[in-house]
Amino acid sequence: MSFPLLTATAALPAIGAVATAAVPAARRTAAKWTALVFSLATLVLAGVVLARFEPGGDRYQLTESHAWIKDFGVRYELGVDGIGVALMALTALLIPFVILAGWHDADPLETKSSRWRPTQGFFALILMVEAMVILSFEATDVFLFYILFEAMLIPMYFLIGGFGDRAHSGSDENAAAQRSYAAVKFLLYNLAGGLIMLAAVIGLYVVAGTFSLSEIAAARADGSLSMATGTERWLFLGFFFAFAVKAPLWPLHTWLPNAMGEATAPVAVLITAVVDKVGTFAMLRFCLQLFPEASKWATPVIVVLALVSIVYGALLAVGQRDIKRLIAYASISHFGFIILGIFAMTSQGQSGATLYMVNHGISTAALMLVAGFLITRRGSRLIADYGGVQKVAPVLAGTFLIGGLATLSLPGLAPFVSEFLVLVGAFSAYPAAGIVATTGIVLAALYVLVLYQRTMTGPVKEEVRGMADLKVRELAVVVPLIGLLLFLGVYPKPLTEIVNPAVQHTMSDVQKKDPQPEVEAAK
C-alpha cells in the first residue's frame with residue numbers, strides 16, 4: 001500500500017491543532033511556534049504533492065479509497081486534479097503567513113472579554129480550518145465533501161466571534177456584540193445553504209445509488225445512469241445554492257462584509273482567500289461534473305448574478321469608509337469575475353477563473369494583512385483617520401500600494417492574467433456580459449487609488465506622526481506574497497500547465513467547445 005500522501009497533508013495541520021491546544025496556558029510563545037512549525041511542515045508536504053502531480057496524467061491522482069459507512073455507501077475517497085492541487089497548495093502557502101501576521105492577535109487583554117483570547121485556541125482553530133479546507137479540495141466522495149463543507153463553519157465561527165478586531169470605535173461591550181452578530185450571521189447563512197445541499201446530496205444518492213464522484217461520472221458516461229431533466233435541475237440548484245452562499249454570490253453575500261469587518265485581519269484572509277474558495281471550487285468539481293445539462297440550463301441567470309456581483313461589489317467598495325469592509329466588497333466583485341469565468345463555459349474563462357482563485361488569494365492576503373498592520377498601529381479602521389502615512393512609514397505605504405495595484409489587476413501582477421482570461425472567455429461566449437464586466441475594472445481602479453490617496457498621501461495627521469514602519473516579522477509576511485504576485489504576473493506558465501488539463505476535463509463534462517472566431521471571407 002502506497003503512502004497516503006493526501007491524507008497526510010490534511011492530517012498534519014489537524015495534529016498540529018491538537019498539539020497547539022495542548023501547550024500549557026502560560027507558554028503562549030511556545031504555542032505560536034508549534035502552530036507555525038506544523039503549518040510550515042504542511043507546506044512542505046503540499047509541495048511534495050505538487051511535485052508528484054502529473055498535469056498530463058490521470059484526471060484524479062494520488063487517489064485513496066477506503067470503506068467508511070458501508071450501509072450507506074459512503075467511502076473515504078480522495079484524489080486531486082489540477083484545480084484541486086492548485087488550491088490545496090494555495091491554502092498550505094497562506095496559513096504560515098496568516099499565523100505570522102496574527103502573532104499577537106490573541107494575546108490576552110485586560111478587559112472583560114479577555115477570556116475569549118486564549119492564544120493556544122486561536123492558532124489551533126486556524127490549523128483546524130486548514131486541515132478541513134485541504135481535505136475538501138481532495139475529497140471525491142460527495143458525502144465526505146459535505147461533512148467537511150459544514151464542519152469548517154465551527155472553527156470559523158469561534159475565530160470570528162471570539163477573536164475579533166481590537167480596532168473598534170465603540171465600547172468593549174459593543175465590540176463584542178458586533179463580533180457576535182457577524183459570527184452568527186456567518187453561521188446561519190452558511191448553515192442554511194448547507195441544509196439545502198444536504199437534501200440535494202440525499203437526492204443524488206437516491207438517483208445514483210452512490211456518493212462516489214468517479215462512479216457517478218463513469219455511470220453517466222456509459223449510459224447506465226440517466227437523470228430526468230427536472231430531477232437534475234433541482235439537484236443542481238440544491239448544490240449551487242450552498243456554493244453561492246460560500247462563494248459569496250449576490251444576493252447571498254451580505255454575511256461577508258460583517259465577518260471580515262469584525263474579524264482580525266489574518267482571520268479575514270482565512271475567510272476570503274481560503275474558505276470562500278471552497279464554494280467556487282465546488283461549482284467546478286460538483287455542479288458542472290454531476291449536473292452538466294442543468295449547469296447549461298442555469299448559465300444565463302448565473303452570468304447575470306455574477307455581473308451584478310461585479311458591479312455591485314465594486315460600487316459599494318467605492319463608497320466605504322471602513323478599510324476592511326472596502327476590501328470585503330472588493331472581494332465580492334472579484335468572486336463575481338470567478339463565477340463569470342466558470343459559467344462562461346469556455347476554456348479561457350474556466351482557466352482564468354481557476355487562476356483567479358489562486359491569484360485573488362495571494363493579492364487579497366497581501367492587501368488585507370498590510371491593512372491589518374496599519375490598523376493595529378493606528379487603532380482605527382476608518383479611512384478618514386489616516387493621512388500622510390507614506391511620509392512616516394514608506395515601506396508600509398509601498399507594500400500597501402502594491403497590494404492595491406494587484407487588487408485592481410495591474411498588468412505585470414498576477415491577477416491581471418486571470419482577469420484577462422476571464423474577460424476573453426466571457427467576450428467569446430457572451431459579448432454583452434464581457435462589456436458589463438469591464439466596468440468592474442474601472443471601478444476597481446477608483447476604489448483602490450482613492451483608498452491609497454486618502455490614507456497614504458497628503459498632510460501627515462497628528463495621530464499617525466509617530467507610526468512605526470514594518471518590522472522584520474511583518475516584512476517576512478508581506479515580501480514573499482509580493483514576490484509571488486510579481487512572479488506569477490510575469491510567468492504564469494507553471495500554474496497554467498497544472499490547471500489547463502483539468503479545465504479540459506470539465507469542458508468535456510458539459511460537452512462544450514470554445515466558440516470559433518468569425519472571420520469574414522476576403523472579397
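Computed from a predicted model, the values in this text were never measured in an experiment.
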Without swapping roles, check the side chain of [X] against the backbone of [Y] for a donor-acceptor pair under 3.5 Å.
{"X": "Thr354", "Y": "Ile83", "value": "no"}
{"X": "Asp81", "Y": "Ala502", "value": "no"}
{"X": "His334", "Y": "Tyr356", "value": "no"}
{"X": "Ser351", "Y": "Gln348", "value": "no"}
{"X": "Gln320", "Y": "Leu316", "value": "yes"}
{"X": "Lys277", "Y": "Thr272", "value": "yes"}
{"X": "Glu138", "Y": "Gly79", "value": "no"}
{"X": "Thr407", "Y": "Gly403", "value": "yes"}
{"X": "Asp58", "Y": "Tyr60", "value": "no"}
{"X": "Trp255", "Y": "Val245", "value": "yes"}

**OP:** Quick one: do Ile147 and Met132 satisfy side chain to side chain contact (heavy atoms under 4.5 Å, CB included)? Show the steps, please.
**Re:** CA-CA 9 Å; Ile147 294 296; Met132 293 179 182; over 6 Å; no

**OP:** Determine, step by step, whether Gln350 and Thr506 satisfy the side-chain hydrogen bond (donor to acceptor under 3.5 Å, both in side chains) criterion, reporting the C-alpha distance in whole Å, the side-chain angles of both residues, the deciding distance to 0.1 Å, and the verdict.
**Re:** CA-CA 9 Å; Gln350 292 188 357; Thr506 305; 4.5 Å; no

Close side-chain approach of [X] to [Y], heavy-atom, < 4.5 Å:
{"X": "Thr254", "Y": "Lys185", "answer": "yes"}
{"X": "Leu488", "Y": "Val417", "answer": "no"}
{"X": "Gln289", "Y": "Arg59", "answer": "yes"}
{"X": "Val503", "Y": "Val499", "answer": "yes"}
{"X": "Pro266", "Y": "Ile99", "answer": "no"}
{"X": "Leu485", "Y": "Pro415", "answer": "yes"}
{"X": "Leu237", "Y": "Phe241", "answer": "no"}
{"X": "Glu77", "Y": "Thr63", "answer": "no"}

Minimum-distance pair of heavy atoms, taken over all atoms of [X] and [Y]:
{"X": "Met227", "Y": "Leu290", "answer": "CE-O, 4.2 Å"}
{"X": "Leu94", "Y": "Ala273", "answer": "CD1-CB, 3.8 Å"}
{"X": "Ala242", "Y": "Met197", "answer": "CB-CB, 3.6 Å"}
{"X": "Ile160", "Y": "Ala259", "answer": "CD1-CB, 4.0 Å"}
{"X": "Val303", "Y": "Ala433", "answer": "CG1-CB, 3.9 Å"}
{"X": "Ser418", "Y": "Gly352", "answer": "CB-O, 3.4 Å"}

Could you grab the distance from atom [atom1] of [X] to atom [atom2] of [Y], nearest 0.5 Å is fine?
{"X": "Leu159", "Y": "Ile154", "atom1": "CG", "atom2": "CD1", "answer": "12.0 Å"}
{"X": "Leu475", "Y": "Ile482", "atom1": "CG", "atom2": "CD1", "answer": "9.0 Å"}
{"X": "Ile202", "Y": "Phe143", "atom1": "CD1", "atom2": "CZ", "answer": "8.0 Å"}
{"X": "Leu405", "Y": "Phe400", "atom1": "CG", "atom2": "CZ", "answer": "10.5 Å"}
{"X": "Ile441", "Y": "Leu408", "atom1": "CD1", "atom2": "CG", "answer": "10.0 Å"}
{"X": "Met152", "Y": "Ser136", "atom1": "CE", "atom2": "OG", "answer": "4.0 Å"}

Parallel under 30°, tilted from 30 to 60°, perpendicular over 60°: which one fits the rings of [X] and [Y]?
{"X": "Phe243", "Y": "Phe286", "result": "tilted"}
{"X": "Phe281", "Y": "Phe137", "result": "perpendicular"}
{"X": "Trp297", "Y": "Phe236", "result": "perpendicular"}
{"X": "Phe291", "Y": "Phe239", "result": "tilted"}

Original post:
Counting only heavy atoms not in Trp234, do more than 12 fall under 6.0 Å of its CH2?
Top reply: no

Original post:
Is the number of heavy atoms from other residues, nucleotides or ligands within 6.0 Å of OH (Tyr76) greater than 12?
Top reply: yes

**OP:** For the pair Leu213 and Asp141, evaluate side chain to side chain contact (heavy atoms under 4.5 Å, CB included) and give the outcome as yes or no after the intermediate values.
**Re:** CA-CA 6 Å; Leu213 195 62; Asp141 182 276; over 6 Å; no

Subject >> Test side chain to side chain contact (heavy atoms under 4.5 Å, CB included) applied to Thr364 and Ser331, step by step >> reply: CA-CA 8 Å; Thr364 298; Ser331 290; 4.1 Å; yes

Original post:
Is the ring centre of His253 less than 6.0 Å from the ring centre of Tyr312?
Top reply: yes

**OP:** Walk me through it: do Leu486 and Val490 pass the test side chain to side chain contact (heavy atoms under 4.5 Å, CB included)?
**Re:** CA-CA 6 Å; Leu486 291 168; Val490 175; 5.6 Å; no

Subject >> Residue pair Phe337, His360: steps toward the ring-ring contact (aromatic ring centres under 6.0 Å, His included) verdict >> reply: CA-CA 11 Å; Phe337 276 106; His360 171 264; over 10 Å; no

Subject >> Worked verdict on Phe186 versus Tyr157 for ring-ring contact (aromatic ring centres under 6.0 Å, His included) >> reply: CA-CA 7 Å; Phe186 161 82; Tyr157 169 80; 8.0 Å; no

